[in-house]
Structure formats: C-alpha cells, structure tokens
Q: 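Dropping the structure in here first, questions after.
The first residue in the sequence is number 1, and the count goes up from there.
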Amino acid sequence: MKKKVFFILFMCFSILHVNSQQIFTETDSYYQKGEEYKVIENEGIVLIANLSQIKQYGKYYKISLILENASDSRFDFDPLLTTGKYIINKKNESRGYDALVLSYEDYARKARKRINTASVFSGIAIGLQSFSTSPTSTITYSDNRGNTGSIDVYNRYERDKQTQDLIDRVSEGEYQSREFVESMKEDYLLRETMFPYTSLAGYVYIKYKSCDSLDVRFNIKGGIYRFIWEFNNSNDDKNDTEIDDLYYFK
C-alpha cells in the first residue's frame, strides 16, 4: 500500500515538474537558398533549426540545429532529452502521437542492419551468377554459300572474372556504406557541454511519419525550446530525396 501511495505521489510531482517547465517558442525565422530556418532566442541561448526529409537507410525527418550559448554560464546539452510528436488532424480534432527521435547509436544500428541485409541478397545474386550456364559470348559466322549461324561460347575464365569483379564492386560499396555511417557521428548531435560564448552545429533524425505537423522540443537548462513545422500536400515530400542510400528497401 505504501509503495502504491509513493508511486502516485511520485507521478504527481513528475507531472507538476513537467508542467512547471517554461516553454519557449519561435521568435524569428528567415530563408536561405529557399530553406526556412526557425529561431528561438532566450537569455543568451539561441537555437536555429531547419527541417528536411531524407531517405538514407530508411526515411526520416532531419532536424539541423545550431545552438549558441551567449550567456556567462555553462550547461550540458543532451539530445537524448529531445522529444517529438506527430500531429494529425481528423474531423476538426488534432491528435498527437509520440515521434521516434533517434540517437546516433539507434540510427547506426538500423543502417548497419540494412547494409547487412543488402549484403546477403548481393551474395545470393553473386552465387547464382557463378553457377549460371548462360553463355559468356556468342560468335556469328557465315560460309561462302551465304549461310549464317551462331555459336554460344562458354568461357569459364571470363565468367569467373565477371563474378570476381562483381564481388569487388559489392565489397567496395559495402565498405563505403559502413564508412559513411561511421563518419556521421562527427556531425550527429551528441551530448555536449556548452561553455560560455560557444556554439554547436549538428543534426538529429526523427522517424518519418506522414502527418499534418511535427512538434519537436529540445530540453535545455530545464527549459523547453519548441519548434513546430506545418505540412501540406504540396510540401510534405518536397525534400525526401536529399540523399538516397545505396541499398533501399520499402
């Protein structure tokens, strides 16, 4: 009974704490090369955010963020505290659904799984080709009477060479894909101590879901910095081909 009462009290205090957090919203916006950038500024903390859609080992919303600390105190910025909601409007009613905000580790795990799956299918295709009985070339001939014909030539050496070339290309593509995923860690938003008068630039992925608007909230120094992007039928997919991955599966 005591545990139950303690749990209820804990939940009540948690709710009150969340509700007591101050929410800061957009104070400005501007365009650069056709892209909209939203700005939130509060007591020396400045956030500039841009939204795009991307196909890269899956389909995601990409939030590019610039964070500036122009205050005299330092603070820790933890992107794992970022939350999001997909807002869907139906019959004059709006409903919010929790959005999946991915850490770098989450994204890298998903990307590696897709690369591994593609490697398996590529291996099967290479194996089938190596056992193929189709001719590697065809020779056409004619005699002095005007008769023509053709002969299929089965050159095992040529087939083995083609198979090896294919293996090399797939291996190189897989290596480059894995290297690309690893290199993303340099720019993906990770936990960072923001010292006075420093700035940070990076991005974070949110799992794509068709919706009417996307509500993204960054938790900084106990305050909530809230960005809302509205969509419509004409612009919901306008940026969804920014970068496409080598192995793409529906």
Q: Same cluster or not: are Ile224 and Ile228 linked, directly or through other Ile, Leu, Val, Met, Phe, Trp or Tyr residues, by side-chain heavy atoms under 4.5 angstrom apart?
A: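 Looking at the clustering, Ile228 is in a separate group from Ile224.
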Q: Using a 4.5 Å cut-off on heavy atoms from C-beta on, say whether the side chain of Phe227 contacts that of Leu47.
A: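 In contact.
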Q: Looking at Tyr30 and Ile48, what are the two nearest heavy atoms and their distance?
A: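 Taking every non-hydrogen atom into account, OH-CG2, 3.5 Å.
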Q: Restricting to non-hydrogen atoms, name the atom on Ile40 and the atom on Thr27 that form the minimum distance, rounded to 0.1 Å.
A: CA-OG1, 3.7 Å
Q: Test of understanding: clusters of I, L, V, M, F, W, Y form through side-chain heavy atoms closer than 4.5 Å, transitively. Do Phe75 and Leu65 belong to the same one?
A: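 Both belong to a single hydrophobic cluster.
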Q: Answer whether the closest heavy-atom distance between the side chains of Glu192 and Leu190 falls below 4.5 Å.
A: no
Q: Of all the heavy-atom pairs spanning Gln32 and Tyr37, show the shortest one and how long it is.
A: CB-CE1, 3.8 Å
Q: How far apart are the C-alpha atoms of Arg112 and Glu182, what are their side-chain angles, what is the distance that settles it, and do they pass the side-chain contact (heavy atoms from CB on, under 4.5 Å) test?
A: CA-CA 10 Å; Arg112 293 187 192 107; Glu182 295 300 324; 2.8 Å; yes
Q: Only one of Tyr188, Tyr208, Tyr203, Tyr205 clears ring pair (Phe, Tyr, Trp, His ring centres under 6.0 Å) with Tyr60; which?
A: Tyr205
Q: Applying side-chain contact (heavy atoms from CB on, under 4.5 Å), run through Lys221 and Glu43 and close with a yes or a no.
A: CA-CA 11 Å; Lys221 293 182 69 174; Glu43 297 182 351; over 6 Å; no
Q: Tell me whether Ile206 is reachable from Tyr107 by hopping between hydrophobic residues (I, L, V, M, F, W, Y) whose side-chain heavy atoms are closer than 4.5 Å.
A: yes
Q: Measure the shortest side-chain to side-chain distance between Leu102 and Lys110 over non-hydrogen atoms and say whether it is less than 4.5 angstrom.
A: yes
Q: Take atom CD in Glu93; do more than 12 heavy atoms of anything else shown fall under 6.0 Å from it?
A: yes
Q: Taking a hydrophobic cluster as the set of Ile, Leu, Val, Met, Phe, Trp and Tyr residues connected by side-chain heavy atoms closer than 4.5 Å, whether directly or through intermediates, do Phe231 and Ile63 fall within one such cluster?
A: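 Linked, Phe231 and Ile63 end up in one cluster.
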Q: Which pairs would a plain distance check flag for residues 76-87, meaning a side-chain donor or acceptor within less than 3.5 Å of a matching protein atom at least two apart in sequence or in another chain?
A:
from: Asp76; atom 1: OD1; to: Thr193; atom 2: OG1; distance (Å): 2.7
from: Asp78; atom 1: OD1; to: Leu80; atom 2: N; distance (Å): 3.0
from: Thr82; atom 1: OG1; to: Pro79; atom 2: O; distance (Å): 2.9
from: Lys85; atom 1: NZ; to: Asp98; atom 2: OD1; distance (Å): 2.6
from: Tyr86; atom 1: OH; to: Lys207; atom 2: O; distance (Å): 2.4

Q: Using side-chain heavy atoms (C-beta onward) and a distance below 4.5 Å, is Val204 in contact with Val101?
A: yes
Q: With sequence neighbours left out, write down each residue that passes side chain to side chain contact (heavy atoms under 4.5 Å, CB included) with Ser71, or none if nothing qualifies.
A: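 Ser71 satisfies side chain to side chain contact (heavy atoms under 4.5 Å, CB included) with Asn69, Ser73 only.
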Q: Are any non-hydrogen side-chain atoms of Lys113 and Arg109 less than 4.5 angstrom apart?
A: no
Q: With a 4.5 Å heavy-atom cut-off, do Ile220 and Asn42 have their side chains touching?
A: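 A side-chain contact is absent here, since even the closest heavy-atom pair is not under 4.5 Å.
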Q: Test side chain to side chain donor-acceptor pair (under 3.5 Å) on Tyr225 and Asn219 and set out the steps.
A: CA-CA 6 Å; Tyr225 291 72; Asn219 190 322; over 6 Å; no
Q: Minimum heavy-atom separation for Ile88 and Lys209, please, with both atom names.
A: CD1-CE, 3.9 Å
Q: What are the two closest heavy atoms between Tyr197 and Ala70, and how far apart are they?
A: CE2-O, 3.3 Å
Q: For Arg226 and Ile23, which heavy atoms make the closest approach, and how far apart are they?
A: CB-CG2, 4.0 Å
Q: Determine, step by step, whether Glu41 and Asp28 satisfy the side-chain contact (heavy atoms from CB on, under 4.5 Å) criterion, reporting the C-alpha distance in whole Å, the side-chain angles of both residues, the deciding distance to 0.1 Å, and the verdict.
A: CA-CA 8 Å; Glu41 185 173 2; Asp28 194 10; over 6 Å; no
Q: Do Leu189 and Ile66 share a hydrophobic cluster (ILVMFWY, side-chain heavy atoms under 4.5 Å, transitive)?
A: no
